[in-house]
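Bear in mind the structure is a predicted one, so any value in this text is a computation, not a measurement. For this chain, numbers begin at 1 and follow the sequence in order.
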Amino acid sequence: MFRNRRSEIHSDFSGSSHTAASMSRSRSSTRSGSQSSIALGEVSWLSLFDQKSTDIISTSARGLSFDYLGCFPLGYNVSSKNFSDVANSQQQFKDLGLLDEVNPNQLRDIGGKLQLFCANVNGQDVRHGTDWVAAIQELAAKLLTPETGSPSPIRAYIGLDSGFQIQPGTRFWAVYGIDYDSNLDIFISRNVLDITGTVLHTYLSSQGCPRHECFQMEIKFAEWSNTRLQPFSLSERILNDFSLLSPTELLKFYQQLTMTPIAKDPILISQLRATCEKQLLDLTDFTQLRELGTTGYLSGRASPRDLINARIHWYQQMGCHCPEPSIAIGNFLQVDASVSKILRERDIKSLQSLTESLAVCIEASRIDTQVDLLAFSLFCAMRKHAFDEAYMEVTDRNTLFNDQSDQAAAFAELFATGARCEAYFDLTPSAFGKLLSDRYRAYHHQIGHDPPIWTDANPATPSAYAAAKIDVDPDSKRSNMSATQQFTFLSVFAIPALLDILLLTTTGHGLYLSSFMSEMEIHSATLALMISLLISGAVGTWITCGGSYYLISMAFSAMHMFVVTRMVGGLAFTLAIATIGLTAVGAINGIGAGVVFFLYLMALTTYLTLLATLANFQYPGTAFNSGRPVIVMVIPFLFISPIITIWVPDKDIFIYLAVIYTFVILLGIGVRHIGSLWTTWYLSIEKISDKDLRKWYVDTYESGNEDTVSALTEPGILKLARDAMIKDVRASRDRFGRTSKDPVVLSLTKSYDATIFLLEWYSTYSGTPLPIPYSSTWNMQTKVALQTLKQIQTGIRLHNAFIHWRQAGDEVRQTLLQNYFQN
């Protein structure tokens, strides 16, 4: 019977017959379970479980069978597909020669043990049936019978453990495959603790033995070979399965064992339950004990007495001999004082002797509670001093913590613990950073221990490792706008409106229309002006909100893309409104009124939108490459209309429209010019090295005679050259002075404003002070700033339009409402 069943199971290597057999057994078992009736009033709610899922060892929570799936850890759920994937990959590794074949002599030794085991079991009453004992006998015979030169019917290979974990959440200890000659290949993970038990389990699984019976035979073999581990009477490999499970997974597996009614062997389930309970309780107790000895002690929350009492209580739970608490506390304090003295006096010999003695005690085969307490006391003392050292190192590097403890953890990994925080302190980096942050806050929350204050003048807070401020200009001041510039910059929109009102009141000829136009023309132009204020207010606010953001971020290409796309979109919307207005106004007041409305709406909306675009080209706090002076320069062109219309009557509408459209063209040219300046300004920055500066000074001021400066040191020569260059550049930049004819001075003068703007931005960006002009630090910082700015320009793309609207939508709506109520 057994041989016929085995031949049916292993018809091919693909494992399809395995799956079919499993499915047939699952269907038959489901049918039998469905025929049984359940009396709800007589049984507990546990009886409502599917009877197929009662064997939690051999089936998954979904009722899928674990038979024929090799050997895998308890608590893991695998499928036939997972098994096929691992088996196929191991077969490929075998064909490529990447696996280590188990020595035939070792397989024969395994066969001998199994043969003796079968002989011992055959004479006893076993619960597993004679079929599987016969299968073990056949396994032993196959492992013992191969002759020299003939292929072995069973071969075993060892591979890397990662090859048995192809998918997350699945893991195998061993899988099997059958070649074309019906030989069985067993693939074993390198991390397996018991090869004999794994081979036995995998072979029985390949022969169709249910998984819970494979475990029973494995435990029976461990009992016979006297390798079971007490007090649970389980094999070492099975106990290792529990160590792989996290506390959450272990608790879930324990719930499945507890809540599922026992339909098979109750002894195996009871052993597994007891092991789960022990693992969960020991893990919780040990975790709490470890947390008290690390986080609790280092934070000051736990005293030495608390540590010793908790340790002694743990010894009592483990059934170990416990020393007197008073003696243990005294020894703990003495060890702490001795270690502090050794470290303070740098007694290397005593420290070396202490280390060697501790290593001898710990590396012994067994240690008692006295050695454990001594090692615990020593580690606590060392850990406390190491924590103090790490705290000083971190606070020296960073004197101002933020509100996130991860910052302290990052500084600790960079300058104190590296990647071995858990090895040094038995703490995760996050927990260690939380300790550092809490200690920092506890100290600085005390009166008189305020942390250092961050200021714009000194963005880098002082620390023990503060950078040396070489070539720093103590008299440097950031560039700012004059009062005249601030007034004109704030009034670019108000000045044209004020002038228009004054001219209309005094002469009847404004900047955009005159009172000498016809009633129809004035009405159409005024209506177009009101509507243009609404449209340009929304579009202009939309442009300035996003454009200013990208400008301040120094993302010039993104700024231009944003400004151009929004401006074109606004003009397209204006064209649509103007076309609709042309039709509506033309139908009501005549085609002439519609044309005037169309032309005025397009011109005024474009004019106001371009004004907003030029106003957008303004970096806060500086007039560098500002677009607002262009507005002030072009506005006088609008005076042409009132001047000409005074002398040329009855042609007002034609003159005003011609001047306004010409004015719009000039504004468009100004927008393009300022936009190109923001794109290319940093490409025209001139740099001068110390060597070139020295050569320029000797050639210009010493007529090329090196002997005149030979008596000076190199820093002295550079200082003279730097002072001379600063004097010449400032004289050349003076608006009332003469422009220098020196090409070096002239090039540096032209790029001086751009260089100052670049260095001021970079000093804010990196938190460094401004250097002395044309010093070594100036030259180096200019190169680094240019390189940083060029890197910022690469790989930039616009944000999503919904993000733009979320940030700027409120301002756009506010501008619309404000213009509406003003109108």
*Asks:* Just say parallel, tilted or perpendicular for the rings of Tyr682 and Phe556, cut-offs at 30° and 60°.
*Replies:* parallel

*Asks:* Could you pull out the closest heavy-atom pair between Ala408 and Gly433, with the gap in Å?
*Replies:* CB-O, 3.7 Å

*Asks:* Mark yes or no for whether Glu686, through its side chain, and Ser747, through its backbone, hold a donor-acceptor pair below 3.5 Å.
*Replies:* no

*Asks:* Determine, step by step, whether Leu657 and Tyr600 satisfy the side chain to side chain contact (heavy atoms under 4.5 Å, CB included) criterion, reporting the C-alpha distance in whole Å, the side-chain angles of both residues, the deciding distance to 0.1 Å, and the verdict.
*Replies:* CA-CA 7 Å; Leu657 285 175; Tyr600 259 100; 3.7 Å; yes

*Asks:* Scan side-chain atoms only and decide if Ser776 and Asp690 contain a donor-acceptor pair under the 3.5 Å cut-off.
*Replies:* yes

*Asks:* Return yes if some donor-acceptor pair links the side-chain N/O of Ser532 with the main-chain N/O of Leu529 below 3.5 Å, else return no.
*Replies:* yes

*Asks:* Which heavy atom of Thr605 sits nearest a heavy atom of Thr609, and at what distance?
*Replies:* O-OG1, 2.7 Å

*Asks:* Side chains of Phe617 and Asn625: does their closest heavy-atom pair fall under 4.5 Å?
*Replies:* no

*Asks:* Side chains of Thr755 and Trp778: does their closest heavy-atom pair fall under 4.5 Å?
*Replies:* yes

*Asks:* Applying side chain to side chain contact (heavy atoms under 4.5 Å, CB included) to Tyr661 and Leu599, what does each step give before you reach the verdict?
*Replies:* CA-CA 9 Å; Tyr661 273 93; Leu599 294 176; 3.7 Å; yes

*Asks:* With a cut-off of 6.0 Å (strictly less than), are more than 12 heavy atoms of other residues, nucleotides or ligands near CG of Asn402?
*Replies:* yes

*Asks:* With a cut-off of under 6.0 Å to the ring centre and 45° to the axis, is Arg397 in cation-pi contact with Phe411?
*Replies:* no

*Asks:* Could you tell me which residues satisfy side chain to side chain contact (heavy atoms under 4.5 Å, CB included) with Leu575, sequence neighbours excluded, listed by chain and number?
*Replies:* Thr579, Phe598, Met602

*Asks:* Distance check, rounded to the nearest 0.5 Å: Met725 atom CE versus Asp742 atom CG?
*Replies:* 7.0 Å

*Asks:* Between Thr700 (side chain only) and Tyr697 (backbone N and O only), is there a donor and an acceptor less than 3.5 Å apart?
*Replies:* no

*Asks:* With a 4.5 Å limit on heavy-atom distance, are the side chains of Ser514 and Tyr656 in contact?
*Replies:* yes

*Asks:* Taking the side chain as every heavy atom from C-beta outward, state whether Val596 and Met517 have any pair of such atoms under 4.5 Å apart.
*Replies:* no

*Asks:* State the CH2-NE2 distance between Trp678 and His560, to the nearest 0.5 angstrom.
*Replies:* 9.0 Å

*Asks:* Has Ser732 got a side-chain atom pairing as donor or acceptor with Asp728's backbone, closer than 3.5 angstrom?
*Replies:* no

*Asks:* Taking all heavy atoms of Leu614 and all of Leu667, pick out the closest pair and write down the distance.
*Replies:* CD1-CD2, 3.8 Å

*Asks:* Decide, yes or no, whether a salt bridge links Asp438 with Lys434 under the criterion of side-chain N to carboxylate O below 4.0 Å.
*Replies:* yes

*Asks:* Less than 4.5 Å apart, any side-chain heavy atom of Tyr512 and any of Leu638?
*Replies:* yes

*Asks:* Whether the side chain of Asp500 engages the backbone of Gly510 through a donor-acceptor N/O pair (distance < 3.5 Å, no angle test) should be reported.
*Replies:* no

*Asks:* How close do Ala612 and Gly540 get, heavy atom to heavy atom, and via which atoms?
*Replies:* CB-CA, 3.6 Å

*Asks:* Just verifying a value: how many Å separate Leu683 CG and Ser751 OG, rounded to the nearest 0.5 Å?
*Replies:* 12.5 Å

*Asks:* Where does the angle between the aromatic ring planes of Trp696 and Tyr701 fall among parallel (under 30°), tilted (30 to 60°) and perpendicular (over 60°)?
*Replies:* perpendicular

*Asks:* Using modelled atom types only, decide if a donor and an acceptor are shared between the side chain of Gln618 and the backbone of Thr622 within a distance under 3.5 Å.
*Replies:* yes

*Asks:* Do Phe624 and Ile756 have side chains that approach each other closer than 4.5 Å (heavy atoms only, starting at C-beta)?
*Replies:* no

*Asks:* Do the side chain of Ser553 and the main chain of Ala555 share a donor and acceptor less than 3.5 angstrom apart?
*Replies:* no

*Asks:* Do Tyr550 and Val563 touch side chain to side chain, with heavy atoms closer than 4.5 Å?
*Replies:* no

*Asks:* If we only count heavy atoms from C-beta on, is the Tyr774 to Leu748 side-chain gap below 4.5 Å?
*Replies:* yes

*Asks:* So that I can tick it off, tell me whether Lys81 and Asp85 are bridged by a salt bridge, with the cut-off set at under 4.0 angstrom between side-chain N and carboxylate O.
*Replies:* yes

*Asks:* Using every non-hydrogen atom in the two residues, find where Met554 and Ile792 come nearest and quote the distance to one decimal.
*Replies:* O-CG2, 3.9 Å

*Asks:* Checking Asn616 against Thr544: is there a side-chain donor and acceptor pair closer than 3.5 Å?
*Replies:* no

*Asks:* Between atom OG1 of Thr395 and atom CG of Leu400, what is the distance when rounded to the nearest 0.5 Å?
*Replies:* 12.0 Å

*Asks:* Take Trp681 and Leu758, measure what side chain to side chain contact (heavy atoms under 4.5 Å, CB included) needs, and give me the verdict at the end.
*Replies:* CA-CA 10 Å; Trp681 67 270; Leu758 175 69; 4.0 Å; yes

*Asks:* When the aromatic ring centroids of Tyr619 and Trp761 are compared, is their separation below 6.0 Å?
*Replies:* no

*Asks:* Would the distance check show the side chain of Ser524 and the main-chain N or O of Glu521 forming a donor-acceptor pair, the cut-off being under 3.5 Å?
*Replies:* no

*Asks:* Step by step, work out the side chain to side chain contact (heavy atoms under 4.5 Å, CB included) result for Asn589 and Phe597.
*Replies:* CA-CA 11 Å; Asn589 299 327; Phe597 173 83; over 6 Å; no

*Asks:* Ignoring hydrogens and geometry, is there a side-chain-to-backbone donor-acceptor pair from Tyr765 to Ala785 under 3.5 Å?
*Replies:* no

*Asks:* Side chains of Ser79 and Asn82: do they bring a donor and an acceptor to under 3.5 Å?
*Replies:* yes

*Asks:* Should the heavy atoms of other residues, nucleotides or ligands under 6.0 Å from CZ of Phe639 be counted, would the total exceed 12?
*Replies:* yes

*Asks:* Nearest 0.5 Å, please: how far is OG1 in Thr777 from CG in Leu770?
*Replies:* 11.5 Å

*Asks:* In Å, rounded to the nearest 0.5 Å, how long is the span from CE of Met567 to OG1 of Thr574?
*Replies:* 11.5 Å

*Asks:* State whether the side chain of Thr526 and the backbone N or O of His523 hold a donor-acceptor pair below 3.5 Å, judged by distance alone.
*Replies:* no

